[in-house]
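Notes follow once the structure below has been shown.
Proteins come first, then strands; the chains are lettered A, B, ... in the order of their sequence lines, and each starts at number 1. Because the structure is predicted, anything quoted here is derived from the model rather than measured.
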Protein chains: 2
Amino acid sequence: MSKTAVSFAFNSPERLSAETAVRIREVADTLGYRPNPVARMLTQRQTMTLGVLTPQALAVIFSNPFFALFSEGVAHAAEDLGYELHFISPLHGSLALAMGRATVDGVVAIGLSADHPEVGQIRGAGLPMVLVDSDDLPEHSSVMVDDEAGARAAAEHVLGLGHRDVLIIAVEGPESPTGQPQRQGVTERRLRGYQAALDAAGISLRSDHIVAGRASIEGGASAFQRAWAAGTRPTAVLAMSDAMAIGAMRVAREQGLRIPDDMSVVGFDDIDLAAHVDPPLTTVHQPIRQKGADAVRLLLAEVEQREAYRPEHLRLETRLIVRGSTGPAPRERQEVTGAT
Amino acid sequence: MSKTAVSFAFNSPERLSAETAVRIREVADTLGYRPNPVARMLTQRQTMTLGVLTPQALAVIFSNPFFALFSEGVAHAAEDLGYELHFISPLHGSLALAMGRATVDGVVAIGLSADHPEVGQIRGAGLPMVLVDSDDLPEHSSVMVDDEAGARAAAEHVLGLGHRDVLIIAVEGPESPTGQPQRQGVTERRLRGYQAALDAAGISLRSDHIVAGRASIEGGASAFQRAWAAGTRPTAVLAMSDAMAIGAMRVAREQGLRIPDDMSVVGFDDIDLAAHVDPPLTTVHQPIRQKGADAVRLLLAEVEQREAYRPEHLRLETRLIVRGSTGPAPRERQEVTGAT
DNA sequence: GTGAAAGCGCTAACAG
DNA sequence: CTGTTAGCGCTTTCAC
């Protein structure tokens with residue numbers, strides 16, 4: 001009984017007499033032996049593991065509904081295809097360091113702009129990668145969503161309801177860490193969408209009617225709070241994430257506003273919670289789970305057929321979901337606002 | 001410039017002239033070279049990765065608030081200590097298979113009873129492991145919560161409010177997969193707690209006043225629905241998870257019941273959502289995040305000081321949080337119930 | 001059907 | 001300070 005025999009017993013039992021194979025496995029069981037998976041990875045030159053690269057600490061992933069939904073899609077696809085998943089988040093503050101440790105066959109990067117140093121590093125190393133919610137890099141597959149159209153639809157909706165005084169709650173830029181994997185690119189695209197609708201309606205957006213915060217309930221609450229304290233009295237709020245919209249609603253309510261009677265609110269993402277808050281949130285739906293699943297599918301295309309591989313660039317649809325948080329612009333409030 | 005030099009440049013730059021080290025790293029960068037982490041793991045005989053063994057598909061982890069909270073704790077501790085995290089969930093339906101692939105230095109097993117075959121496999125292989133919400137195995141550290149005391153407190157609370165007709169919504173046994181990582185052991189312990197309080201009050205629990213379902217909102221809804229359809233009209237519901245309690249509340253409301261006026265509901269876990277439903281859920285708080293963090297801490301004690309290691313068995317406290325979903329037993333309803 | 005030997009890419013004694 | 005060498009534990013041709 002040699003090493004070869006043992007190896008065969010585990011990997012290609014058919015090349016051994018059935019009897020020997022069984023015997024070997026029994027002995028292995030008794031001894032508590034298991035083939036060392038690291039050594040195995042080394043000789044096979046593949047890890048059967050996919051990496052999910054995120055600029056966030058792992059702990060926030062689990063508390064961020066957007067990320068949780070995305071991971072659900074990724075996990076589902078990876079498991080189906082027999083791959084393990086490895087979440088790569090900053091190690092001792094450094095994503096590059098974590099990336100150096102990561103034993104993966106390819107990487108899904110979410111919320112990292114294409115000029116992020118780690119993205120360059122991975123490209124240089126020739127590791128397969130797909131970019132999600134980033135920019136289009138010709139050599140890499142990517143998945144994004146039509147943020148601009150979604151934002152425009154949201155703005156057109158409130159405009160159609162007669163609102164003329166709109167507050168935009170944006171996600172903070174990359175300077176300060178955001179609570180959600182959406183960065184410059186996404187924020188910019190959504191802003192462009194809002195702006196386009198306002199322009200078309202001949203409404204100019206005052207710069208103090210754009211506030212920013214982290215993409216969380218708290219972030220939305222404090223951003224709205226800040227605007228309110230500064231005397232801003234919009235009849236409608238366009239938030240770049242549902243979490244922020246929910247935070248804004250909470251503060252608004254604390255200020256005595258009724259939603260949607262006194263003020264309308266629109267979110268973005270359509271996380272599960274959106275339908276269950278009171279009032280149910282009008283929002284822009286994006287297929288978050290599917291983004292994750294598609295990203296994995298694209299990544300595996302690259303990982304498994306290195307040769308004839310052609311990058312694909314997916315752009316998924318968004319759509320406005322009208323629920324209870326939006327309504328006609330209030331007459332009196334409009335006047336009050338006019339006086340502000 | 002030899003392999004050694006390169007290795008040093010990455011691992012112990014101080015053993016090289018500063019100049020050479022820099023030069024090597026530059027060349028490496030240009031070439032897109034990075035030390036192969038798998039080979040590195042092999043020679044170092046450690047992976048710097050911890051495994052989280054779960055009987056659930058990864059995709060459900062992200063949609064299960066209990067699990068998300070637990071993972072948050074695990075992730076936080078692991079990141080602090082410089083370890084990567086690897087979630088080990090059934091591969092092609094087999095946990096053993098996934099375990100075979102897993103390149104980890106140790107494992108946190110959650111919701112797996114001690115007699116689970118994979119637990120035996122890991123023990124046999126001599127891999128460090130800590131058990132969470134399982135049974136106590138003398139050779140392995142473990143973390144659990146005082147489920148029995150928590151359940152008893154919940155039951156005593158409703159009893160103290162005058163309730164005499166109580167419905168228990170339990171988590172399904174291991175036969176059918178549960179939506180939450182709590183199995184036989186946990187279910188049994190909680191049941192024991194409820195029972196003890198009822199016994200002490202001289203109330204006998206009819207067997208049709210225990211229903212079970214998956215530990216999710218839907219599971220709770222359908223379990224309550226089933227009981228209701230069978231004519232059960234309790235004045236109080238004790239659910240073994242907040243998600244189930246919330247599901248039961250939804251169905252109760254659909255049946256025209258007002259909570260807590262017509263019926264009281266108590267949950268278990270105290271997930272974030274519990275405080276934000278309407279009415280806010282009275283529940284048994286357990287330190288879920290901390291369970292995760294403690295498990296990692298214990299695991300690392302074993303991983304890093306193999307020798308003088310002594311297993312520890314932690315039992316964390318639970319405590320009743322009274323919120324708006326419980327109130328005095330309704331007089332009339334009690335009579336109605338009596339007639340059922 | 002089974003054993004011998006080479007090598008996956010790296011680290012770490014050990015010389016030089 | 002730098003190069004040589006021997007493994008880490010496995011897989012995999014290639015003979016037997």
Side-chain angles (χ1 to χ4, degrees), chain A residues 1-29 31-49 51 82 84 96-106 121-122 124-127 303 306, chain B residues 1-29 31-49 51 82 84 96-106 121-122 124-127 303 306:
Chain A
M1 184 171 99
S2 67
K3 290 148 68 83
T4 319
V6 177
S7 179
F8 281 162
F10 280 91
N11 304 310
S12 3
E14 70 279 4
R15 301 183 56 175
L16 243 42
S17 73
E19 187 197 325
T20 333
V22 170
R23 191 166 50 87
I24 292 182
R25 309 202 58 137
E26 274 169 359
V27 175
D29 250 31
L31 266 46
Y33 167 86
R34 61 166 198 152
N36 180 324
V38 177
R40 194 193 155 90
M41 277 182 182
L42 186 61
T43 53
Q44 310 241 140
R45 287 119 144 286
Q46 61 169 334
T47 64
M48 292 306 281
T49 310
E84 308 282 315
L97 200 67
M99 197 52 227
R101 288 205 181 309
T103 54
V104 297
D105 294 336
Q121 188 189 350
I122 295 169
L127 204 58
V303 169
R306 250 40 206 4
Chain B
M1 186 171 97
S2 67
K3 287 150 69 83
T4 319
V6 177
S7 180
F8 280 163
F10 280 92
N11 304 310
S12 4
E14 70 280 5
R15 301 183 56 176
L16 243 40
S17 73
E19 188 198 324
T20 333
V22 170
R23 192 166 49 87
I24 291 182
R25 307 200 60 136
E26 274 170 358
V27 175
D29 250 32
L31 267 44
Y33 167 86
R34 60 165 202 156
N36 180 324
V38 177
R40 194 192 155 91
M41 277 181 181
L42 186 61
T43 54
Q44 310 242 144
R45 284 118 144 285
Q46 63 168 334
T47 63
M48 291 305 283
T49 308
E84 309 280 315
L97 200 67
M99 197 51 227
R101 289 206 180 308
T103 55
V104 297
D105 294 336
Q121 188 189 349
I122 296 170
L127 205 58
V303 168
R306 248 46 204 1

Atom pair CZ/CE of R34(B) and M99(A) - distance to nearest 0.5 Å: 5.0 Å
N36(A) CG to dG7(D) P, straight-line distance once rounded to whole Å: 18 Å
Whole angstrom value for the distance that separates C1' of dC8(C) from CG of L42(A): 4 Å
Those residues that, when tested against T103(B), pass side chain to side chain donor-acceptor pair (under 3.5 Å) (two or more places apart): none
Side-chain N,O (R45(A)) to OP1/OP2 (dG7(C)) below 4.0 Å: no
Nucleotide dG3(C), atom C1' - distance to CD1 of I24(A) in whole Å: 12 Å
A39(A): side chain to side chain contact (heavy atoms under 4.5 Å, CB included) partners, not counting sequence neighbours: N36(A), L42(B)
Axis-to-axis angle between the two ends of the helix from dG1(C)-dC16(D) to dG16(C)-dC1(D) (five base pairs per end, rounded to 10 degrees): 40°
Nearest-angstrom distance from the residue atom CZ of R101(A) to C1' of dC10(C): 15 Å
Residues, nucleotides or ligands: over 12 heavy atoms within 6.0 Å of E14(A) CD: yes
Which protein N or O atoms sit under 3.5 Å from an N or O of nucleotides 11-15 of chain D?
residue: dT11(D); atom: OP1; partner: N11(A); partner atom: ND2; Å: 2.8
residue: dT11(D); atom: OP1; partner: R40(A); partner atom: NH1; Å: 3.0
residue: dT11(D); atom: OP2; partner: S7(A); partner atom: OG; Å: 2.8
residue: dT11(D); atom: OP2; partner: N11(A); partner atom: ND2; Å: 3.4
residue: dT11(D); atom: O4'; partner: T43(A); partner atom: OG1; Å: 3.3
residue: dT12(D); atom: O4; partner: T4(A); partner atom: OG1; Å: 3.3

Interatomic distance, M41(B) CE vs dC8(C) C1' [rounded to whole Å]: 15 Å
Pairing residues for T43(A) by the side chain to side chain contact (heavy atoms under 4.5 Å, CB included) criterion, not counting sequence neighbours: none
Whether T49(B) side chain and V104(B) backbone form a donor-acceptor pair below 3.5 Å: no
Listed partners of S17(A) passing side chain to side chain donor-acceptor pair (under 3.5 Å), at least two apart: T20(A)
Side chain to side chain contact (heavy atoms under 4.5 Å, CB included) partners for N11(B), two or more places apart: S7(B), R40(B)
